[in-house]
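Proteins come first, then strands; the chains are lettered A, B, ... in the order of their sequence lines, and each starts at number 1.
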Amino acid sequence: MTRRFRSSYGAGPLHLLVLIACFALAGAGVIGWAHVDLPGIVAWLIAVMLLYELVLFPLSSALDRAVFSRARSEAAAGPGDQAAAPPRRRGWFIGLRAVPYVRVPAMLSGLLLITFFPLILRAPHSSFHSYTGLSDHVYFARWLAATGVLYGLSGLAYAFSVWRARGTIERLHSKPGKR
Amino acid sequence: MRLPVVDLTRTPRGPFRPDFWRSPLRGPWLTALLGLVLMIGTPIVVVTGLISNAAYQPLLAGNSIGTNLSPLDLYVFTWPTRPVWLYALTEGLHVTIGLALFPVLLVKLWSVFPRLFEWPPVRSPAHALERLSVALLVGSALFEFVSGIVVMQFYYPFPFFFTAAHYYGAWVFIAAFGAHVLLKFGTMRRGLRTRGDVMEAAGASPGPTSLAAVSPGPVTMSRRVLLGTVGAGSLLLLLQGAGGSIGGPFRFLSFFGPHGYTGSGPLDFPVTETAAAAQITPASVGAAWRLDVVGTRSLQFSREQLLAMPQHTYDLPIACTEGWSTTQRWTGVRLRDLAALAGVNESATVTSSTVQTDLNGGYVVTLGSEQVADELSLLALRVNGVDLSLDHGYPARVISPAVPGTHCHKWVSKLAFSPVLT
């Protein structure tokens with residue numbers, strides 16, 4: 001019986017039971033939505049989903065691909081080549097070792113932007129100023145400042161890592177026996 | 001003419017091909033770990049959200065977000081008045097933990113993104129139903145997080161009533177989240193055991209159902225750095241919520257929150273709605289202002305008469321739905337003293353309306369009998385030793401322990417006490 005159910009349904013009976021309970025409860029929520037503004041809510045929900053899944057993700061991925069193309073080919077070439085011939089820096093392409101130091105602050109800055117965009121970009125028809133009596137002109141500057149601080153910290157960390165790596169190489173050169 | 005036929009056995013090009021997805025960071029361990037964080041954190045946001053909603057006492061007159069609209073309008077307890085910081089805590093946690101989980105949610109969604117394009121789109125009835133529940137989960141999660149986050153910034157980019165949509169959306173989310181945890185718990189546990197470095201995990205049994213890339217691109221950043229970034233992002237957003245919620249010397253940490261108020265000295269604390277926003281002019285609350293108090297008899301008081309009554313001073317937090325709160329020293333007349341003057345000595349609720357209500361149909365709210373009976377519930381006339389300013393609710397405002405800020409009416413014009421039938 002269970003086996004026949006499994007072969008025609010594709011999972012055990014418990015799987016179906018859990019999903020029936022899920023749709024029943026979700027249905028009660030949707031009934032509530034229907035009393036508020038179902039078409040408006042569903043349209044907004046789908047718009048947000050599309051924005052994140054089909055705009056934000058592909059866009060950030062494409063940007064990442066463009067900025068770090070050099071690092072990618074370096075990484076693909078393998079770790080051996082790096083020590084032999086340190087990568088030359090050309091244009092705005094970023095070497096493999098610098099990738100996290102560029103990417104991490106960009107991700108954090110981007111996170112702040114997509115979270116607080118209504119304040120940072122002073123979204124039209126925002127009620128912020130009229131409600132709180134505060135100016136929303138400060139937030140763009142704060143976001144720039146936060147981005148600057150993030151890149152500053154990252155730059156220091158990168159400088160430290162370069163300095164440490166150089167020290168290691170020099171020690172290896174001065175004591176060839178230890179190699 | 002021949003119609004194009006979709007052949008489900010042949011995988012279309014682009015994202016439907018497994019080798020389209022190149023990131024070496026995706027894999028069962030990453031997804032499982034982020035899932036674990038969300039599994040633990042999200043219930044805190046859900047429960048504090050439901051408690052905060054109950055704090056609005058939706059069954060009392062004027063408070064409704066839409067009672068009897070759905071079987072979910074079920075409230076099993078009345079709202080207490082102690083501890084006085086109860087609502088500040090539940091709403092502060094709701095907003096703060098919600099913010100902190102947002103980056104985790106985004107990276108979790110990114111980690112399973114290829115699944116959106118899996119081919120064939122449906123393998124069995126079970127698979128179809130589960131994908132439908134996942135669509136509900138992703139949709140309701142983004143709806144709840146994004147709507148909450150923009151509203152926190154006083155941005156309402158939608159035509160519908162946020163509170164009700166957010167509340168019922170929470171139930172859609174609870175349903176889909178619960179089912180997802182039950183159905184994926186085993187997968188998550190197995191995923192957590194596959195821990196290894198990037199290369200290993202990427203190479204571990206890649207297949208059409210694995211989250212790891214079949215042909216991963218070169219590694220330019222370790223998975224540890226990605227997780228560290230998610231953690232740093234969470235911390236950054238957590239500070240935005242926590243700074244505003246804890247307030248005082250920590251408010252500066254919330255550099256994307258309502259930072260302070262441009263008033264000075266004793267009046268320097270944030271407001272959610274200025275007098276200008278409520279269209280309250282000095283003239284509308286001038287010498288002609290009177291407070292109507294209605295019970296078994298109706299009375300009218302000028303501000304001077306209210307100041308001549310026994311005054312009480314308490315330190316009470318004002319906690320906003322947007323998540324920030326601030327504790328100030330309020331002085332005024334006890335609500336229960338006003339109820340007694342109006343001839344209501346038994347247990348009673350109070351419905352307040354404001355000058356704004358009279359002017360342009362602003363809302364009325366009702367506080368429950370616990371709130372009215374509590375000695376800390378005041379009609380405040382002064383704050384921190386000075387008269388209320390117009391933005392802080394001059395001539396008189398309600399302040400009541402553990403009650404949402406929006407229920408502590410400013411510019412009060414009428415208090416109507418209704419005995420509770422027992």
Side chain, backbone, both or neither: which part of [X] has a heavy atom under 4.5 Å from chain A?
{"X": "B:L182", "result": "side chain"}
{"X": "B:F162", "result": "neither"}
{"X": "B:P15", "result": "neither"}
{"X": "B:E130", "result": "both"}

Backbone N/O of A:T115 and side chain of B:Q153: donor-acceptor pair under 3.5 Å: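 Yes, the answer is positive, given that a donor and an acceptor are paired below the 3.5 Å cut-off.
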Can you measure from [atom1] ([X]) to [atom2] ([Y]) and round to the nearest 0.5 angstrom?
{"X": "A:L119", "Y": "B:F154", "atom1": "CG", "atom2": "CZ", "answer": "9.0 Å"}
{"X": "A:R65", "Y": "B:S23", "atom1": "CZ", "atom2": "OG", "answer": "8.5 Å"}
{"X": "B:H127", "Y": "A:H15", "atom1": "NE2", "atom2": "NE2", "answer": "9.0 Å"}
{"X": "B:L129", "Y": "A:I20", "atom1": "CG", "atom2": "CD1", "answer": "8.0 Å"}

Aromatic ring pairing A:F116/B:F256, orientation class (parallel under 30°, perpendicular over 60°, tilted between):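 Parallel, since the angle between the ring planes stays under 30°.
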Among the options [options], pick out the one with the most heavy-atom pairs lying under 4.5 Å from chain A.
{"options": "B:V230, B:L226, B:V146, B:T220", "answer": "B:T220"}
{"options": "B:W171, B:W110, B:F113, B:F102", "answer": "B:F113"}
{"options": "B:G139, B:G233, B:A277", "answer": "B:G139"}
{"options": "B:A232, B:G169, B:P159", "answer": "B:G169"}
{"options": "B:Y156, B:F145, B:F143", "answer": "B:F143"}
{"options": "B:I174, B:L236, B:L132", "answer": "B:L132"}

Identify the two heavy atoms, one from [X] and one from [Y], that lie closest to each other, and give their separation to 0.1 Å.
{"X": "A:L19", "Y": "B:A179", "value": "CD2-CB, 4.4 Å"}
{"X": "A:I41", "Y": "B:A165", "value": "CD1-CB, 3.6 Å"}
{"X": "B:A126", "Y": "A:A11", "value": "CB-CB, 3.7 Å"}
{"X": "B:S133", "Y": "A:C22", "value": "CB-SG, 4.1 Å"}
{"X": "A:V48", "Y": "B:L142", "value": "CG1-CB, 3.9 Å"}

Toward chain B, the part of [X] with a non-hydrogen atom under 4.5 Å:
{"X": "A:F117", "answer": "both"}
{"X": "A:M49", "answer": "both"}
{"X": "A:S8", "answer": "backbone"}
{"X": "A:L111", "answer": "side chain"}

Residues of residues 51-58 of chain A near chain B, each having a heavy atom less than 4.5 Å away: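 If one takes a 4.5 Å heavy-atom cut-off, the residues of residues 51-58 of chain A near chain B are A:Y52, A:E53, A:L54, A:F57.
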Any residue meeting salt bridge (Lys or Arg N to Asp or Glu O under 4.0 Å) with A:D64, in chain and number order, not counting sequence neighbours: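 In terms of salt bridge (Lys or Arg N to Asp or Glu O under 4.0 Å), with neighbours along the sequence ignored, A:D64 is linked to A:R72, A:R103.
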Winner by heavy-atom pair count (cut-off under 4.5 Å) against chain B, out of A:L112, A:L16, A:L14, A:V30: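 Max contact count across the listed options: A:L112.
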Proximity of A:W33 and B:Y168 rings by center, below 6.0 Å: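 Aromatic pair excluded; centres sit 6.0 Å or further apart.
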Audit row: A:Y139, B:F255, side chain to side chain contact (heavy atoms under 4.5 Å, CB included) steps and yes/no: CA-CA 8 Å; A:Y139 293 101; B:F255 47 90; over 6 Å; no
